[in-house]
Q: 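Take this structure first; my questions come after.
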Amino acid sequence: MNIDHRVIALIDMDCFYVQVEQRLQPEFLGKPCGVSQYYTWKGGGLIAVNYEARDFGVKRGMRGEQAKELCPDFHIFHVQEVNGKANLNRYRDASADVFRVLNANFKLVEKASIDEAYIDLTEDVQKLKDKKLQLTINDFSTTHLAGFTTKTEDERIEILNKWLNDCQLDDEKRNYDLLLGAYLIEQIRKKIKDQTGFFCSAGIARNKILAKLCCGFNKPKKQTIFTQSDIDHIFDKTPVQKIQGLGGKAGERVVELFQVEYIGQLRKYSLDMLQTSMGEKDGCWLFNLIRGIETTPVSNRNLYKSISASKNFPGKTCLDTIDKIRTWCYNLAEDVFNRLEKDRAENKRRAKLLTVICTLATNETITRSCPINEYSIDRFANDTLRILKQYNKNSLTSNIYTPVIHHIGISAGKFLDNINTKSIADLFSKQTTKIETITSTENIINCQEEEEEEEDNNTEENILEKPTTTTLPIQGDFFRKFQKFDEQTKIQLKSENKTTTSSSSITSFFSRYTSNENILNCSPNKIDDHYITCSKCHKSILIWNMPEHEDFHYAHELQIEENKTNSIIKSSKTIKRKNTNQTLDSFINKKSKM
DNA sequence: CATTTTGACGCT
DNA sequence: AGCGTCAA
């Protein structure tokens with residue numbers, strides 16, 4: 001499958017937090033509303049505003065009181081507070097409602113945020129083609145074409161109808177795929193509404209950037225198709241900052257360096273010029289992007305990579321005593337703990353690393369990590385407190401903390417799958433559960449995405465072998481997903497392989513869009529200093545993964561010990577040992593790449 | 001005083 | 001590992 005022939009959708013829930021609150025209190029449907037947190041100070045800060053309220057000029061980030069001035073009928077929902085801290089679980093749970101619908105209907109869904117999802121529809125569209133549907137305007141009641149601003153419904157129907165007939169009769173521009181994609185998205189949006197009660201908007205295009213961009217063209221409750229032939233005309237009027245990834249300093253730099261306002265104006269610059277100014281990778285990405293080419297894949301990650309709780313303590317509310325700091329360490333630790341416990345029950349995994357983030361009055365932000373050996377509020381809080389105390393310039397006996405703290409965050413990450421008891425040996429006896437198979441396959445996909453420095457031991461054949469050793473019904477589906485991804489990657493690597501010439505003069509701001517070509521070019525030696533050699537297996541291990549790696553050796557030894565003592569068990573045991581060895585290998589591979 | 005609280009990811 | 005950027 002050609003990467004440029006993909007069909008990608010971006011689904012964005014309309015003012016999601018407001019809808020979540022309105023679902024609980026339907027009497028506010030149709031009224032101007034917003035969701036704010038910390039209502040005592042100027043009515044709190046608005047983190048979501050519905051479209052009725054936007055008509056009055058109310059915006060996200062405004063104070064509740066300010067919104068009331070603009071719109072006297074404005075209703076403010078308040079984010080739940082637990083231990084004096086905003087708690088967003090209500091929205092996380094509602095998000096899960098939405099993603100259950102998406103995951104039940106599509107194979108390749110990427111959770112981009114609490115209220116946004118990318119879907120790769122390429123395969124679904126191909127299947128749909130065989131059905132030879134005769135689609136009419138009635139199948140596209142909320143669909144718009146990017147680049148055509150239609151003032152009336154009649155106008156929308158007229159333009160869309162013409163386009164619809166064009167691509168069904170003569171698909172010269174290859175737009176039929178997008179039409180089928182839009183058809184599927186009309187259906188899923190209806191399904192989301194029926195099953196969750198939430199409205200959403202969507203963009204359908206050939207890549208993620210375009211899907212994301214055009215999703216915003218018609219909102220709310222609508223969807224927009226971005227065809228390749230409309231790119232030039234639309235980009236000529238698209239401010240640089242509207243492109244995802246160019247909304248910050250990177251975009252400013254583009255505007256400054258090239259003296260442009262709209263992204264399309266970059267077309268007059270050669271690849272060489274873009275690369276000379278922006279660096280090879282970023283220049284290449286830009287050059288392709290403005291021609292409608294962008295290859296970032298939709299990943300099929302469903303689970304969070306980190307779970308965190310944080311709070312600001314601005315101005316006078318700053319934390320200036322150990323007692324206050326301790327209290328907030330506990331409050332934050334409790335939130336993280338509760339969510340980690342839920343995650344462990346649902347996903348059979350455990351976070352292994354605790355990261356503490358704090359901002360001091362000196363305006364410096366400090367990040368420090370420590371291992372998580374056990375889920376416990378006390379442990380999380382005390383670890384956090386211990387770390388924070390290291391930056392106290394005051395006497396250890398005093399309760400006063402200097403400099404004062406303006407922000408504390410606790411984040412748990414580096415999840416390890418299938419460790420749900422205290423016994424490390426259990427790691428191996430649980431290897432054949434359903435969940436295990438799913439997650440380990442996902443890990444392999446991630447490894448494939450990330451790793452560059454590994455030699456031949458992770459060839460396609462090797463990787464493909466691993467999941468097949470444990471045969472379970474649900475696995476097949478995930479396995480196919482992976483195969484497809486790998487196939488795409490391979491093609492890209494072959495066709496775009498070229499050598500690096502120079503290092504960029506500018507920091508790489510676009511690196512998240514790194515094409516596969518560039519993954520190939522990434523030099524591994526830059527992080528070589530972080531590797532040490534394990535004395536037991538002589539593998540190269542990232543230094544901060546060493547504790548886990550040693551856990552692995554310990555567990556391995558336990559396993560060998562167990563096998564010796566239980567030599568009576570026969571056939572089933574031999575099979576089990578085989579599987580175990582297989583998973584041990586993948587354990588090593590995974591570790592050495594993290 | 002005071003867009004908050006999350007998340008993901010890249011660079012070194 | 002720790003810092004920085006970007007986004008909603």
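Protein chains get the first letters and strands the later ones, always in sequence-line order, with residue 1 at the start of each. The shown structure was predicted, so the numbers you read here are calculated from the model rather than taken from an experiment.
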Q: Looking across every strand, which nucleic acid part, if any, lies under 4.0 Å from A:Gly248 by heavy atom: base, sugar-phosphate, or nothing?
A: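 Here A:Gly248 touches the backbone only, sparing every base.
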
Q: Give the intermediate values and the outcome of side chain to side chain donor-acceptor pair (under 3.5 Å) for residues A:Asn392 and A:Asn394.
A: CA-CA 5 Å; A:Asn392 184 9; A:Asn394 231 305; 4.8 Å; no

Q: With a 4.0 Å cut-off on heavy atoms, is A:Asp12 in touch with a base, just the backbone sugar-phosphate, or nothing at all?
A: nothing

Q: Is the distance from OP1 or OP2 of B:dT6 to the nearest side-chain N or O of A:Lys85 less than 4.0 Å?
A: yes

Q: Does a nitrogen or oxygen in the side chain of A:Lys111 sit under 4.0 Å from OP1 or OP2 of C:dA7?
A: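 No, outside the criterion.
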
Q: CD/A:Gln19 to CG/A:Asp115 distance, rounded to the nearest 0.5 angstrom?
A: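 These two atoms lie 10.0 Å from each other.
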
Q: From the options B:dA2, C:dG2, C:dA1, select the nucleotide whose nearest atom is closest to the side chain of A:Leu353.
A: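 Closest of the options to the side chain of A:Leu353: C:dA1.
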
Q: Could you pull out all residues at least two apart from A:Phe287 that satisfy ring-ring contact (aromatic ring centres under 6.0 Å, His included)?
A: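 A:Phe287 satisfies ring-ring contact (aromatic ring centres under 6.0 Å, His included) with no other residue.
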
Q: Among side-chain atoms of A:Gln275 and A:Ser277, is any donor-acceptor pair under 3.5 angstrom?
A: no

Q: In whole Å, I'd like the distance from the CD atom of A:Gln66 to the P atom of B:dA2.
A: 16 Å

Q: Has A:Ser113 got a side-chain N or O lying under 4.0 Å from the OP1 or OP2 atom of B:dG7?
A: no

Q: For a quick check of understanding: with a heavy-atom distance under 4.0 Å over all strands, which category does A:Lys59 fall into, base, sugar-phosphate or nothing?
A: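 A:Lys59: no heavy atom of the nucleic acid under 4.0 Å.
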
Q: Could you tell me whether A:Ala48 contacts a base, only the sugar-phosphate backbone, or nothing, with contacts defined as non-hydrogen atoms closer than 4.0 Å?
A: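 A:Ala48: no heavy atom of the nucleic acid under 4.0 Å.
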
Q: Heavy atoms under 4.0 Å, any strand shown: does A:Phe16 hit a base, just sugar-phosphate, or nothing?
A: nothing

Q: Can you see if the side chain of A:Thr365 gets near the phosphate of C:dC3 - specifically, an N or O under 4.0 Å from OP1 or OP2?
A: no

Q: Under the salt bridge (Lys or Arg N to Asp or Glu O under 4.0 Å) rule, collect the residues that match up with A:Lys222, sequence neighbours excluded.
A: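 Here no residue qualifies.
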
Q: Picking from B:dT4, B:dT6, C:dG2, which would you name as closest to the side chain of A:Ser369?
A: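 The nucleotide sitting nearest to the side chain is C:dG2.
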
Q: Is A:Glu116 paired with A:Lys111 through a side-chain N to carboxylate O contact shorter than 4.0 Å?
A: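 Looking at A:Lys111 and A:Glu116, the cut-off is not met.
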
Q: Taking the side chain of A:Arg368 as its heavy atoms from C-beta onward, which of B:dT4, B:dT5, C:dG2 lies nearest to it?
A: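 Nearest nucleotide to the side chain: C:dG2.
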
Q: Please tell me which of the listed nucleotides, B:dT6, B:dC9, B:dA2, lies nearest to the side chain of A:Lys305?
A: B:dC9

Q: Under 4.0 Å, heavy atoms only, any strand: does A:Leu46 hit a base, just the sugar-phosphate, or nothing?
A: nothing

Q: Quick one: label A:Ile114 by what it contacts on the DNA or RNA (base, sugar-phosphate, nothing), any heavy atom closer than 4.0 Å.
A: nothing

Q: Identify which nucleotide among C:dC6, B:dA2, C:dA1 has an atom closest to any side-chain atom of A:Ala250, counting heavy atoms from C-beta outward.
A: C:dC6

Q: Counting any heavy atom closer than 4.0 Å, what does A:Lys311 reach on the DNA or RNA strands: base, sugar-phosphate only, or nothing?
A: sugar-phosphate

Q: Please classify the nucleic acid contact of A:Thr317 as base, sugar-phosphate, or nothing, using heavy-atom distances under 4.0 Å.
A: base

Q: Evaluate whether the aromatic ring of A:Tyr304 and the six-membered ring of the B:dG7 base sit under 5.5 Å apart, centre to centre, with an inclination under 30°.
A: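 A stacking contact does not exist, since A:Tyr304 is not both close and nearly parallel to the base ring of B:dG7.
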
Q: Heavy atoms from C-beta onward define the side chain here; which of B:dT6, B:dT5, C:dG2 lies closest to that of A:Ser308?
A: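 Nearest listed nucleotide: B:dT6.
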
Q: For A:Arg60, which contact category applies under a 4.0 Å heavy-atom criterion: base, sugar-phosphate, or nothing?
A: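 Counting heavy atoms under 4.0 Å across all strands, the contact made by A:Arg60 includes a base.
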
Q: For C:dG2, take OP1 and OP2 only and decide whether either is under 4.0 Å from a side-chain N or O of A:Thr355.
A: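 Looking at the OP1 and OP2 atoms of C:dG2, neither is under 4.0 Å from any side-chain N or O of A:Thr355.
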
Q: Measuring only the P atom in each nucleotide, how far is B:dA2 from C:dA8? A whole number of Å is fine.
A: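 It comes out at 24 Å once rounded to the nearest Å.
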
